[in-house]
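Counting starts at 1 for both ligands and their atoms, following the listed order. Residue indices begin at 1 and follow the sequence shown.
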Amino acid sequence: MNRDLLTIYDLTPGEIEVILNKAKELKEMHLQGELYHPLEGKTLAMIFEKPSTRTRVSFEVGMHQLGGHALFLNRQDTQLGRGETIADTARVLSRYVDGIMVRTFSQERVEEMARFASVPVINGLSDLLHPCQILSDIFTIWEKRGEYRGLKVAYVGDGNNVANSWINGALRLGFDLWLACPPGFEPRQEIVARALREASSRIVLIHDAKEAVEGAHVINTDVWASMGQEGEHQERIKAFQGYQVNADLVRWARDDVLVMHCLPAHRGEEITDEVMDGPHSVVFDQAENRLHVQKAILTHLMGERRKDEAER
Ligand code: CP
Ligand code: NVA
């Protein structure tokens, strides 16, 4: 078993199923007020080199609810901000904590952290991927529809970290994924190429948003300018005209379509208020499920043996 979660590909379909079932169980226990402390005495270090609301709070609250402790570490208040290497940071933190969650820019930085850490490392978002988000989103679809295989999931907008992880999820779990991105803003080429080569389901990349959402069970979108791309915001707004998830677009999907957004949203850009606050939207359930799914991920990776013990 892989002790890190850097990409959805680190999990087998069977492991994903275990995590989803565990998340369901943990959510029910939490709603019933049942205490469960399998991570008592354990600490998760959370390194944030980019801002966060949901990821930070859901991991911190999740560790607390599992009986453990979470440490928030940002770049400027640690020696990372003064040039200490990721490798040395990973080696030092591994002497103190039982797991590391990292949100940063390059995926290589996340991978370097995992290479030098002797405890599990979890990717809390990189420029390339956002695996915890998409695992939670798949849980939300499963919770609402009882299945994810055989569904048509549409993604409309920027071919960013969230889109890349949706492709990984579709390839791992075998649901149909139709992505509509403006020319020049497609998902990462090697991720698309692998998906097209290996997929057992339909993974389709087009430019027409209507075609992507036609008959869809789920519509997803995300911001047009991700963290770190603020300087391109105005130019992107122009390029993304025709890719807004609004009432006209939603009408092309099934009557019972679920509209999803990982949040934070730029209301009035990639999604209208009407849709985000409308009957199809599940965005706040989606945000809540980050907590339950990440608790399942934490127990899966940190629950039994530490990575270095498992390797002995
Ligand atoms: N969806 C998500 O990861 O949100 P944050 O940036 O607030 O963590
Ligand atoms: N694509 C967005 C996701 C935020 C959760 C970003 O990287 O800013």
Side-chain angles (χ1 to χ4, degrees), residues 5-8 23 44-63 70 72-75 100-110 122-141 155-169 179-182 185-188 191 218-233 235-237 239-240 243-245 258-267 269-271 276 281-295 297-298:
L5 176 53
L6 313 185
T7 153
I8 290 179
L44 177 75
M46 308 188 300
I47 301 175
F48 282 92
E49 298 193 306
K50 287 182 177 181
S52 169
T53 298
R54 279 143 290 267
T55 305
R56 176 183 175 179
V57 176
S58 55
F59 268 108
E60 187 163 339
V61 170
M63 277 305 288
F72 172 76
L73 303 169
N74 64 19
R75 190 174 161 78
I100 301 170
M101 190 239 77
V102 57
R103 165 170 289 197
T104 187
F105 291 86
S106 74
Q107 179 72 10
E108 291 69 33
R109 223 166 144 75
V110 182
I122 300 171
N123 181 355
L125 179 148
S126 68
D127 289 343
L128 188 70
L129 298 172
H130 198 1
C132 296
Q133 179 70 54
I134 275 54
L135 290 169
S136 304
D137 296 348
I138 291 167
F139 177 80
T140 302
I141 296 172
Y155 178 93
V156 177
D158 189 21
N160 59 17
N161 41 13
V162 167
N164 290 332
S165 280
W166 269 111
I167 296 174
N168 294 349
L179 301 114
C181 308
F185 296 92
E186 291 90 355
R188 190 66 73 91
I191 292 180
V218 179
I219 301 174
N220 266 286
T221 189
D222 186 18
V223 290
W224 291 340
S226 285
M227 290 180 275
Q229 296 174 332
E230 289 78 6
E232 301 170 24
H233 195 177
E235 172 199 327
R236 282 172 170 263
I237 286 178
F240 282 83
Y243 292 85
Q244 184 186 62
V245 176
L258 301 175
V259 174
M260 304 181 82
H261 189 312
C262 64
L263 305 181
H266 282 169
R267 287 168 174 261
E269 291 183 16
E270 75 278 1
I271 190 166
M276 192 153 144
S281 170
V282 294
V283 300
F284 299 111
D285 293 337
Q286 207 185 330
E288 176 189 332
N289 284 335
R290 295 289 301 279
L291 172 67
H292 309 299
V293 172
Q294 285 161 193
K295 282 170 70 181
I297 292 169
L298 289 165

Less than 4.5 Å apart, side chain to side chain, heavy atoms only: is that true for Val110 and Leu129?
no
Side chains of Ile237 and Glu269 in contact at under 4.5 Å (non-hydrogen atoms)
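Yes. Closest side-chain heavy atoms under 4.5 Å.
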Exercise: identify the closest heavy-atom pair between Pro131 and Leu6 =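 Taking Pro131 first and Leu6 second, the nearest heavy atoms are CG-O, 3.8 Å.
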**Prompt:** Can you name the closest pair of heavy atoms from Met227 and Glu230 and give their distance?
**Reply:**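 Residues Met227 and Glu230, closest heavy atoms: CA-OE2, 3.5 Å.
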Value for CD1 (Ile191) from OG1 (Thr7), rounded to nearest 0.5 Å, stands at 7.5 Å
Legend entry - SB check Arg188 Asp127 (cutoff 4.0 Å): no
Item to check | Partner of Asp137 by side-chain hydrogen bond (donor to acceptor under 3.5 Å, both in side chains), out of Arg290, Gln286, His261, His130 | outcome: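 Of the listed residues Arg290, Gln286, His261, His130, the side-chain hydrogen bond (donor to acceptor under 3.5 Å, both in side chains) partner of Asp137 is Gln286.
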Phe185 meets the ring-ring contact (aromatic ring centres under 6.0 Å, His included) criterion, sequence neighbours left out, with Phe240
Please produce the table of protein N or O atoms sitting under 3.5 Å from N or O atoms belonging to ligand 1, one pair a line, distance to 0.1 Å.
{"from": "ligand 1", "atom 1": "1 (N)", "to": "Gln133", "atom 2": "OE1", "distance (Å)": "2.9"}
{"from": "ligand 1", "atom 1": "1 (N)", "to": "Cys262", "atom 2": "O", "distance (Å)": "3.0"}
{"from": "ligand 1", "atom 1": "1 (N)", "to": "Leu263", "atom 2": "O", "distance (Å)": "2.8"}
{"from": "ligand 1", "atom 1": "1 (N)", "to": "Arg290", "atom 2": "NH1", "distance (Å)": "3.3"}
{"from": "ligand 1", "atom 1": "3 (O)", "to": "Thr55", "atom 2": "OG1", "distance (Å)": "3.0"}
{"from": "ligand 1", "atom 1": "3 (O)", "to": "Arg103", "atom 2": "NH2", "distance (Å)": "3.0"}
{"from": "ligand 1", "atom 1": "3 (O)", "to": "His130", "atom 2": "NE2", "distance (Å)": "2.9"}
{"from": "ligand 1", "atom 1": "3 (O)", "to": "Arg290", "atom 2": "NH1", "distance (Å)": "3.1"}
{"from": "ligand 1", "atom 1": "4 (O)", "to": "Arg54", "atom 2": "NE", "distance (Å)": "2.9"}
{"from": "ligand 1", "atom 1": "4 (O)", "to": "Leu263", "atom 2": "O", "distance (Å)": "3.4"}
{"from": "ligand 1", "atom 1": "6 (O)", "to": "Arg103", "atom 2": "NH1", "distance (Å)": "2.8"}
{"from": "ligand 1", "atom 1": "7 (O)", "to": "Thr53", "atom 2": "N", "distance (Å)": "2.7"}
{"from": "ligand 1", "atom 1": "7 (O)", "to": "Arg54", "atom 2": "N", "distance (Å)": "2.8"}
{"from": "ligand 1", "atom 1": "7 (O)", "to": "Arg54", "atom 2": "NE", "distance (Å)": "3.1"}
{"from": "ligand 1", "atom 1": "7 (O)", "to": "Arg54", "atom 2": "NH2", "distance (Å)": "3.0"}
{"from": "ligand 1", "atom 1": "8 (O)", "to": "Ser52", "atom 2": "OG", "distance (Å)": "2.6"}
{"from": "ligand 1", "atom 1": "8 (O)", "to": "Arg54", "atom 2": "N", "distance (Å)": "3.4"}
{"from": "ligand 1", "atom 1": "8 (O)", "to": "Thr55", "atom 2": "N", "distance (Å)": "2.8"}
{"from": "ligand 1", "atom 1": "8 (O)", "to": "Thr55", "atom 2": "OG1", "distance (Å)": "2.7"}
{"from": "ligand 1", "atom 1": "8 (O)", "to": "Arg103", "atom 2": "NH1", "distance (Å)": "3.4"}
{"from": "ligand 1", "atom 1": "8 (O)", "to": "Arg103", "atom 2": "NH2", "distance (Å)": "3.2"}

The salt bridge (charged side-chain N to carboxylate O under 4.0 Å, His left out) partners of Asp222 (sequence neighbours excluded) come to none
Give one line per pair: atom of ligand 2, protein atom, distance. Only N/O to N/O under 3.5 Å.
{"from": "ligand 2", "atom 1": "1 (N)", "to": "Asn160", "atom 2": "ND2", "distance (Å)": "3.3"}
{"from": "ligand 2", "atom 1": "1 (N)", "to": "Asn161", "atom 2": "OD1", "distance (Å)": "2.8"}
{"from": "ligand 2", "atom 1": "1 (N)", "to": "Asp222", "atom 2": "OD2", "distance (Å)": "2.6"}
{"from": "ligand 2", "atom 1": "1 (N)", "to": "Ser226", "atom 2": "OG", "distance (Å)": "2.7"}
{"from": "ligand 2", "atom 1": "7 (O)", "to": "Asn161", "atom 2": "ND2", "distance (Å)": "2.9"}
{"from": "ligand 2", "atom 1": "7 (O)", "to": "Ser226", "atom 2": "OG", "distance (Å)": "3.4"}
{"from": "ligand 2", "atom 1": "8 (O)", "to": "Met227", "atom 2": "N", "distance (Å)": "2.8"}

